[in-house]
Amino acid sequence: MADTDQLLAWREALLRARYAGTRIVEYDGRKVEYRSDSEMASALADLERRLGTNARVTQVRINSSKGV
């Protein structure tokens with residue numbers, strides 16, 4: 001598996017390409033062409049999952065009292 005720095009570089013390259021409206025991403029001398037924006041979004045979600053940057057809250061606990 002890739003280290004964190006490499007995953008961050010891939011994520012930044014993917015974000016730059018997506019925001020520019022292109023489907024071709026180049027990083028580390030490699031070139032990847034995505035077929036659609038949804039495919040790019042899927043790749044980005046996978047990178048964020050691996051990095052742990054898109055953590056979801058799955059459970060919320062509330063503790064309250066009347067202050068008495």
Side-chain angles (χ1 to χ4, degrees):
M1 184 171 151
D3 63 346
T4 304
D5 291 335
Q6 192 173 23
L7 290 174
L8 286 171
W10 291 344
R11 180 178 173 269
E12 291 303 314
L14 183 58
L15 284 173
R16 272 195 308 267
R18 191 170 184 211
Y19 292 148
T22 61
R23 295 181 311 174
I24 298 172
V25 178
E26 294 184 40
Y27 58 90
D28 295 338
R30 295 175 45 181
K31 187 176 182 181
V32 178
E33 183 172 353
Y34 293 94
R35 286 182 255 150
S36 65
D37 184 61
S38 62
E39 192 176 59
M40 291 177 85
S42 177
L44 185 58
D46 180 56
L47 284 170
E48 289 178 348
R49 180 186 56 80
R50 290 175 191 237
L51 287 167
T53 58
N54 196 13
R56 294 183 187 181
V57 175
T58 58
Q59 188 176 39
V60 176
R61 294 181 189 227
I62 300 172
N63 186 13
S64 64
S65 69
K66 290 185 176 184
V68 180

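Everything quoted here is computed from the prediction, not taken from an experiment.
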Run the salt bridge (Lys or Arg N to Asp or Glu O under 4.0 Å) test against Asp37 and tell me which residues pass, sequence neighbours left out.
Arg18
Under 4.5 Å between side-chain heavy atoms, counting indirect links through other Ile/Leu/Val/Met/Phe/Trp/Tyr residues: same cluster for Ile24 and Leu47 or not?
no
Separation of [Y] [atom2] from [X] [atom1] (nearest 0.5 Å):
{"X": "Leu14", "Y": "Tyr19", "atom1": "CG", "atom2": "OH", "answer": "9.5 Å"}
{"X": "Arg50", "Y": "Gln6", "atom1": "CZ", "atom2": "CD", "answer": "11.0 Å"}
{"X": "Glu48", "Y": "Leu15", "atom1": "CD", "atom2": "CG", "answer": "7.0 Å"}
{"X": "Asp46", "Y": "Leu7", "atom1": "CG", "atom2": "CG", "answer": "9.0 Å"}

Identify the heavy atoms of Glu39 and Tyr34 that sit nearest to each other, and give their distance.
OE1-CA, 3.3 Å
If you take all heavy atoms of Lys31 and Glu26, which pair is closest and at what distance?
CG-CG, 3.9 Å
Would the distance check show the side chain of Arg23 and the main-chain N or O of Glu33 forming a donor-acceptor pair, the cut-off being under 3.5 Å?
no
